[in-house]
Amino acid sequence: MFATRQRSRRALFCAAMIAGLALAQGSGAGVTIADPPVEGTAESTAQALADAITAGLTPAADGRQPKAIVDTGSGSSWAKSTSSATVGEGPEMTAALAAFAYGLTHPDAAPSGANRWDCKPSAAHPNPVVLLHGSWLNAYDTFAYMSPRLARAGYCVFAFNFGRAGLLEGGGLGTILPGRFGVGPMEESSRQLAEFVEQVRAATGSEKVDIVGHSQGGTVANRYLKFDGGEGKVGKLVTFGATHHGTALMGIATLGRAINNLGVNILGFYEPLVGLANIQQAVGSPFYAALNANGDTVPGVAYTAVGSRYDEVTNPYDWTFLRPGPDATVDNITLQAGCEQDISDHLTMMYSPRSTSIALRALDPAAPTELACTFNPWLIGGGGSL
């Protein structure tokens with residue numbers, strides 16, 4: 001029965017992807033997997049398509065001519081969010097599902113090793129590390145595996161919950177469950193990050209921080225670097241499955257964006273249901289046109305972008321990769337390169353020993369960090385112990 005449901009689900013996803021890509025080619029949203037989407041071209045193509053549709057519409061009985069319009073559906077003037085500090089430390093976890101369950105009952109817990117505000121960075125690791133969770137997640141259930149390992153390696157580690165919003169604030173239905181954060185407007189989450197970084201810098205006396213971000217967390221960090229005062233305050237940005245260029249969600253988001261650009265505000269309609277941040281992360285949104293208008297990077301930052309071939313959320317997975325701009329370095333890493341047995345998906349890559357070893361090497365390239373390679377199963381995770 002389980003296998004049948006899985007096959008049906010995958011068939012539905014594939015059908016949505018095919019339909020989405022077919023529409024996307026007509027709307028200008030389609031891109032090759034090898035390259036991130038080209039910004040700023042979808043709207044003009046969508047307008048031309050809308051004009052063509054308008055020309056073929058039959059006038060109404062009263063003589064009025066129906067008109068197709070382009071509506072991106074990704075802006076909102078009513079969605080709001082807040083951020084919050086964590087309370088206490090949760091236990092170290094090796095499995096994503098177990099951490100998710102604990103995060104439901106302890107939504108404000110810090111991951112083990114994080115938010116020890118008396119921590120003073122060492123000469124070996126002068127930059128404290130700020131951890132950023134993803135959409136519908138929290139600091140604990142994202143970093144319950146990685147955070148204690150960073151702390152044991154000698155880093156001062158800090159985490160908070162951003163983008164907190166209820167259903168009536170635009171957070172979506174997911175916020176009915178405890179601890180489902182990262183749902184508010186990403187512009188506000190970026191400003192919340194800016195405030196948190198200042199708290200960390202003041203507490204540690206550090207000039208810069210390094211950031212490790214998962215999924216939306218990487219995108220929020222990118223926004224902070226470009227628009228909210230982060231340039232010059234971040235040394236390294238390490239991301240896992242980050243939606244740096246949006247996601248097609250196996251074609252579903254691309255399909256929704258294409259329909260939206262034909263004048264049917266399907267994404268706007270679903271905005272109160274799924275949360276504004278998730279709508280903003282659909283490929284082709286104005287959020288990304290603004291975010292990447294001047295390139296993927298800012299000067300002075302060393303970027304590491306990690307993607308998994310089995311990522312069912314950020315896909316095509318190499319849209320998470322970045323192109324280096326002036327005075328920035330980029331290391332784009334496929335998690336399975338050299339380790340095919342690691343089949344981590346979007347969530348379980350944060351419970352992969354290989355991911356943690358990549359993060360440690362990226363944070364301190366001079367240290368002799370050997371890249372781990374163990375079996376890490378899709379959906380369940382397990383920290384290489386299964």
Side-chain angles (χ1 to χ4, degrees), residues 31-39 127 129-135 137 142-143 146 150 182 186 190 193 209-226 230-231 234-249 281 283 287-288 291-339 342 344-352 354-365 369 371-372:
V31 298
T32 62
I33 291 179
D35 295 309
V38 177
E39 306 291 351
N127 291 354
V129 178
V130 174
L131 308 177
L132 298 178
H133 63 78
S135 306
L137 297 168
T142 302
F143 292 102
M146 186 180 290
L150 295 179
M186 286 195 284
S190 174
L193 171 59
V209 302
D210 294 332
I211 295 176
V212 176
H214 172 240
S215 191
Q216 183 198 150
T219 307
V220 168
N222 207 350
R223 163 87 194 188
Y224 163 63
L225 281 167
K226 293 177 178 178
E231 188 170 358
V234 177
K236 301 178 180 70
L237 173 59
V238 185
T239 64
F240 294 87
T243 53
H244 288 306
H245 298 96
T247 174
L249 287 173
Q281 290 174 92
V283 62
F287 176 87
Y288 287 110
L291 180 68
N292 297 318
N294 295 316
D296 290 353
T297 63
V298 300
V301 178
Y303 295 81
T304 300
V306 182
S308 171
R309 292 178 185 146
Y310 299 95
D311 195 323
E312 73 279 51
V313 174
T314 301
N315 63 79
Y317 82 90
D318 50 2
W319 283 3
T320 196
F321 294 158
L322 298 166
R323 293 192 178 107
D327 194 26
T329 62
V330 171
D331 189 10
N332 293 318
I333 300 173
T334 297
L335 188 62
Q336 289 76 29
C339 187
D342 190 326
S344 303
D345 68 342
H346 189 69
L347 294 179
T348 58
M349 72 170 68
M350 303 311 295
Y351 290 80
S352 161
R354 190 168 186 82
S355 291
T356 296
S357 63
I358 289 172
L360 288 169
R361 178 179 284 188
L363 291 170
D364 187 0
T369 304
L371 292 185

Query raised in the report: Looking only at heavy atoms, which two atoms of V283 and A248 are closest? And how far apart?
Result: CG1-CA, 4.5 Å
Report task. Quick one: do V234 and V209 satisfy side-chain contact (heavy atoms from CB on, under 4.5 Å)? Show the steps, please. Result -> CA-CA 5 Å; V234 177; V209 302; 4.2 Å; yes
Query raised in the report: Backbone N or O of K236 within a donor-acceptor pair of the D210 side chain at under 3.5 Å?
Result: yes
Query raised in the report: So, N315 and H346: side-chain donor and acceptor under 3.5 Å apart, yes or no?
Result: no
Requested in this report: Could you grab the distance from atom CZ of R323 to atom NE2 of H245, nearest 0.5 Å is fine?
Outcome: 6.5 Å
Query raised in the report: Under 3.5 Å, is there a donor-acceptor pair between the side chain of T297 and the main chain of P324?
Result: no
Report summary line: CG (L347) and CG (L137) are apart, to the nearest 0.5 Å, by 6.0 Å
Query raised in the report: Just by modelled atom types, is the G295 backbone N or O under 3.5 Å from a matching donor or acceptor in the K226 side chain?
Result: yes
Query - Contact summary for L132 and G217, nearest pair of heavy atoms - result: CD1-O, 3.3 Å
Report summary line: All heavy atoms of P299 vs all of E231, minimum pair found to be CD-OE2, 3.4 Å
Query raised in the report: Given side chains that start at C-beta, do those of V212 and F143 come closer than 4.5 Å, heavy atoms only?
Result: yes
Report summary line: Heavy-atom nearest pair, G307 first then F321, reads N-CE2, 3.9 Å
Query - Check: T219/N222 side-chain N/O donor and acceptor closer than 3.5 Å - result: no
Query raised in the report: Are side-chain heavy atoms of L291 and M186 found at a separation under 4.5 Å?
Result: no
Query raised in the report: Does Y303 reach the main-chain N or O of V298 with its side chain, forming a donor-acceptor pair under 3.5 Å?
Result: yes
Requested in this report: Check for a donor-acceptor pair, side chain of D296 on one end and backbone N or O of G325 on the other, with a separation under 3.5 Å.
Outcome: no
Query - Worked verdict on H244 versus W319 for side-chain contact (heavy atoms from CB on, under 4.5 Å) - result: CA-CA 7 Å; H244 288 306; W319 283 3; over 6 Å; no
Report task. Decide yes or no on side-chain contact (heavy atoms from CB on, under 4.5 Å) for D364 and T369, but give the supporting numbers first. Result -> CA-CA 9 Å; D364 187 0; T369 304; over 6 Å; no
Requested in this report: Can you measure from CG (D345) to CZ (R309) and round to the nearest 0.5 angstrom?
Outcome: 15.0 Å
**Report entry** Minimal non-hydrogen separation, A362 against V238, with atom names
**Finding:** CB-CG2, 3.8 Å
Report task. Could you verify whether a donor N or O on one side chain and an acceptor N or O on the other, from T348 and Y310, lie under 3.5 Å apart? Result -> no
Query raised in the report: What distance do T356 atom OG1 and L371 atom CG have between them, rounded to the nearest 0.5 Å?
Result: 11.5 Å
Query raised in the report: Taking side chain as C-beta onward, heavy atoms only, is L225 less than 4.5 Å from I211?
Result: no
**Report entry** Side chains of L131 and T142 in contact at under 4.5 Å (non-hydrogen atoms)
**Finding:** no
Query - Any side-chain heavy-atom pair of F240 and M146 under 4.5 Å - result: yes
Report summary line: Heavy atoms of G241 and T320 approach each other most closely as C-OG1, 3.6 Å
Report task. Kindly determine whether L335 and I358 satisfy side-chain contact (heavy atoms from CB on, under 4.5 Å), including the steps that lead there. Result -> CA-CA 9 Å; L335 188 62; I358 289 172; 3.9 Å; yes
Query raised in the report: Ignoring hydrogens and geometry, is there a side-chain-to-backbone donor-acceptor pair from S355 to M349 under 3.5 Å?
Result: yes
Query raised in the report: Are a donor atom and an acceptor atom from the side chains of S344 and S308 found within less than 3.5 Å of each other?
Result: no
Query raised in the report: Is a side-chain donor or acceptor of Q281 paired with a backbone partner of T247 at a separation under 3.5 angstrom?
Result: no
